[in-house]
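Working notes for the structure below.
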Amino acid sequence: MMNCTALGLAEEAIYERYIMPTKRKRTKLAGVEFELPIVNRKNMPVDFGAVHEVTEAFVREFSFGNIVRDDDGFIYTASDEKTRDGISFDCSYNTLEFSLGAEKDLNVLYERFASYYSFTKKLLGSYSHTLTGMGINPHYAVNRNEPVASERYRMLLHHLSSYRNYGRQILFHHHPNFGLFSCASQIQMDVEEQDLTETLNTFTKLEPFKALIFANSPWGKEQEILCSRDNFWRNSLQGLNRHNVDMYGLEFESIDEILLYIRSMSLYCVERDGKYVNFHPIPLTDYFSSDQIEGEYFDGKGYRQVTIHPELSDLSYLRSFKFEDLTFRGTVEFRSVCEQPVREIMAAGAFHAGLMENLHKLTEILEQDHTAYHRGYNASELRRMFVKRDLPDNFDWNKVSGLLLKILDLAKDGLHRRGYGEERLIEPLYRRAERLLSPAREMAEGIQRGKIIEDYIEEYGSL
């Protein structure tokens, strides 16, 4: 029997968490995150001991505090209280993440990143290691793909590995540890309630075009998929409920529809007494209308069954992996972009920042587009075609390139109006748009001509 009172309170909590923060004037603040593969130059697994020593040195050099250590005593996250910059390891010690606290000027963020990156890469070099800008760790097959020894990451890998218990409910891939070698470049920006539906709708429509210039996670024997990160999320247990991942399959017409969508997303873990409790994914509506949930937790030796009772505070454990993700901070996080070559690492963030300034014009361009849209395909179908190395021949790719250049000009204009001289950050994207040459395509074609992956590890890791 549905607990109507509990469900009503949950609906109010969802509104308070996701919509209320958007009821204020949008600022030009932006925060970025870069997940960078660590690579052992000797083509051996990453030496975690070396990573730990470099991390300790980094924390001392930049006076980062708020240190959190894993179960073995090693630092896996630290931050600067003043700038809110952070260093962490995303799922494993094979991936180093720099998160930069919000600033109005993206150039300021870049300068701080460059300082952190240069120091870290130089020190890693003394251990025959390096960093690079790719969406898939090029040594994923060699590395020890083990999660950070912590409650959260242990639970996450256990959860993803349980996909075998779900039969053929979706077309699961067999890499539940993909989070240990998949890397993204993300930006968060403020959004106002009045622009929320348009922001989600318009940037969803932009996703196929973004794939053509930002794909950087090739996969397959012939590198036939240029943005494999899409497939890794979609066909994992995270994608059992499609509303938790990927693109929106509809156009929102109101805030109420967004709220209904969030309510349909699934929860799969919460914390109780310092322990993560994992359970099969349950839509929020069903979760909060249940009296109890059966789950399991790790007791230090193995997994034990436990019964929990839903609490409103459990909403904070909702994990959405949408390409355009509405957060509890009143921001939209754009998270579909693979990590980019380091020399051009700010380009994707600047691209989004510029277009946010010209949202209505971008909406108009995409609504009127006939190079890709109005040809029988929706945004999700187009994205799945456009991430492939072999592009379909039923599109005029010269016209698609022309549209991309027009969108870039719109982004450049938006950056100019922001007033911080950020236009230079997207200049590399013009070459990509003209040739429809994403970093992944450039790498795949270069390797076909005889270059080796080590060439691109160096090239894409160069600041």
Side-chain angles (χ1 to χ4, degrees), residues 29-41 44-103 106-134 137 139 143-157 179-188 274 329 339-340 342 345-346 349 461-463:
L29 290 169
V32 296
E33 298 176 8
F34 303 124
E35 300 166 358
L36 295 153
I38 303 173
V39 178
N40 188 330
R41 293 184 187 275
M44 296 173 62
V46 168
D47 180 350
F48 292 169
V51 172
H52 299 323
E53 291 187 24
V54 171
T55 306
E56 294 279 358
F58 179 97
V59 169
R60 290 193 301 271
E61 175 71 16
F62 294 102
S63 300
F64 274 29
N66 303 315
I67 292 171
V68 181
R69 296 181 181 271
D70 67 14
D71 293 349
D72 299 321
F74 300 114
I75 297 174
Y76 75 93
T77 180
S79 61
D80 183 298
E81 188 172 334
K82 182 179 179 181
T83 63
R84 302 178 306 284
D85 294 347
I87 183 175
S88 61
F89 292 91
D90 190 63
C91 294
S92 86
Y93 289 110
N94 297 309
T95 303
L96 178 61
E97 178 176 323
F98 293 112
S99 54
L100 304 177
E103 298 281 355
L106 295 177
N107 292 299
V108 173
L109 295 181
Y110 177 74
E111 289 173 4
R112 296 211 300 260
F113 164 76
S115 176
Y116 301 148
Y117 183 83
S118 297
F119 175 86
T120 307
K121 186 180 180 185
K122 181 178 180 180
L123 201 52
L124 280 170
S126 66
Y127 295 94
S128 298
H129 284 55
T130 191
L131 295 168
T132 193
M134 296 181 181
N137 191 308
H139 287 181
N143 286 334
R144 294 160 47 200
N145 288 306
E146 304 168 0
V148 171
S150 72
E151 273 286 315
R152 177 188 173 193
Y153 290 126
R154 184 186 299 112
M155 175 279 301
L156 178 59
L157 187 59
L180 282 62
F181 56 80
S182 176
C183 301
S185 173
Q186 297 162 183
I187 182 169
Q188 285 195 39
R329 300 180 180 90
E339 189 52 270
Q340 298 294 289
V342 174
I345 203 161
M346 294 299 296
S462 177
L463 185 62

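Closest heavy-atom contact between N94 and N145: ND2-OD1, 3.7 Å. S150 and Y76 get closest at one heavy-atom pair: CB-OH, 3.9 Å. Heavy-atom minimum distance, L123 versus A57: CD2-CB, 3.4 Å. Contact record, M44 with H139: O-ND1, 4.5 Å, taken as the closest heavy-atom pair. Closest heavy-atom contact between R84 and A102: NH2-O, 3.2 Å. S128 approaches N40 most closely through the heavy-atom pair O-OD1, 3.5 Å.
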Verify salt bridge (Lys or Arg N to Asp or Glu O under 4.0 Å) between E56 and R69, making sure each step is shown before the conclusion.
-> CA-CA 11 Å; E56 294 279 358; R69 296 181 181 271; 3.0 Å; yes
Could you go through the ring-ring contact (aromatic ring centres under 6.0 Å, His included) check for F119 and F62 one step at a time?
-> CA-CA 10 Å; F119 175 86; F62 294 102; 5.5 Å; yes
Evaluate the criterion side-chain hydrogen bond (donor to acceptor under 3.5 Å, both in side chains) for residue pair D85 and Y116; output intermediate values, then yes/no.
-> CA-CA 10 Å; D85 294 347; Y116 301 148; 2.6 Å; yes
Between I75 and F58, does a side-chain contact (heavy atoms from CB on, under 4.5 Å) hold up when you go through it step by step?
-> CA-CA 11 Å; I75 297 174; F58 179 97; over 6 Å; no
Could you walk me through whether L180 and T95 pass the side-chain contact (heavy atoms from CB on, under 4.5 Å) test, one step at a time?
-> CA-CA 7 Å; L180 282 62; T95 303; over 6 Å; no
Taking it one step at a time, do Y93 and E146 satisfy side-chain hydrogen bond (donor to acceptor under 3.5 Å, both in side chains)?
-> CA-CA 8 Å; Y93 289 110; E146 304 168 0; over 6 Å; no
Residues S118, L463; criterion side-chain contact (heavy atoms from CB on, under 4.5 Å); working and verdict | CA-CA 8 Å; S118 297; L463 185 62; 3.3 Å; yes
Let me see the working for L36 and V342 under side-chain contact (heavy atoms from CB on, under 4.5 Å), right down to the final yes or no.
-> CA-CA 9 Å; L36 295 153; V342 174; 4.0 Å; yes
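To the nearest 0.5 Å, atoms CG (L100) and CZ (R112) are separated by 6.0 Å. Atoms CD and CZ, from E97 and F34 in turn, are 10.5 Å apart once rounded to the nearest 0.5 Å. Separating the OG atom in S79 from the CG atom in N66 is a distance of 3.5 Å, to the nearest 0.5 Å. Here T77 contributes atom OG1 and I87 contributes atom CD1; the two are 9.0 Å apart, rounded to the nearest 0.5 Å. For the atom pair OG1 (T55) and CG (L96), the distance works out to 7.0 Å, reported to the nearest 0.5 Å. For the atom pair CD (Q340) and SG (C183), the distance works out to 12.0 Å, reported to the nearest 0.5 Å.
Using a 4.5 Å heavy-atom threshold, the side chains of F74 and V148 count as separate. Using a 4.5 Å heavy-atom threshold, the side chains of T130 and K121 count as touching. R154 is not listed as a side-chain neighbour of P147, based on a closest heavy-atom distance of 4.5 Å or more. Within the 4.5 Å cutoff, the side chain of L156 has heavy atoms near those of the C91 side chain. L131 is listed as a side-chain neighbour of Y117, based on a closest heavy-atom distance under 4.5 Å. Residues D47 and H129 form a side-chain contact, since some pair of their non-hydrogen atoms from C-beta on lies under 4.5 Å apart. A heavy-atom distance below 4.5 Å is not found between the side chains of Y153 and L157. Counting heavy atoms from C-beta on, the side chains of F113 and I345 come closer than 4.5 Å.
Summarising the local packing, CD of E81 is surrounded by 12 or fewer heavy atoms from other residues, nucleotides or ligands at distances under 6.0 Å.
Judged by distance alone, with hydrogens and angles left aside, the side-chain atoms of E35 form a donor-acceptor pair with the main-chain N or O of A184 at under 3.5 Å.
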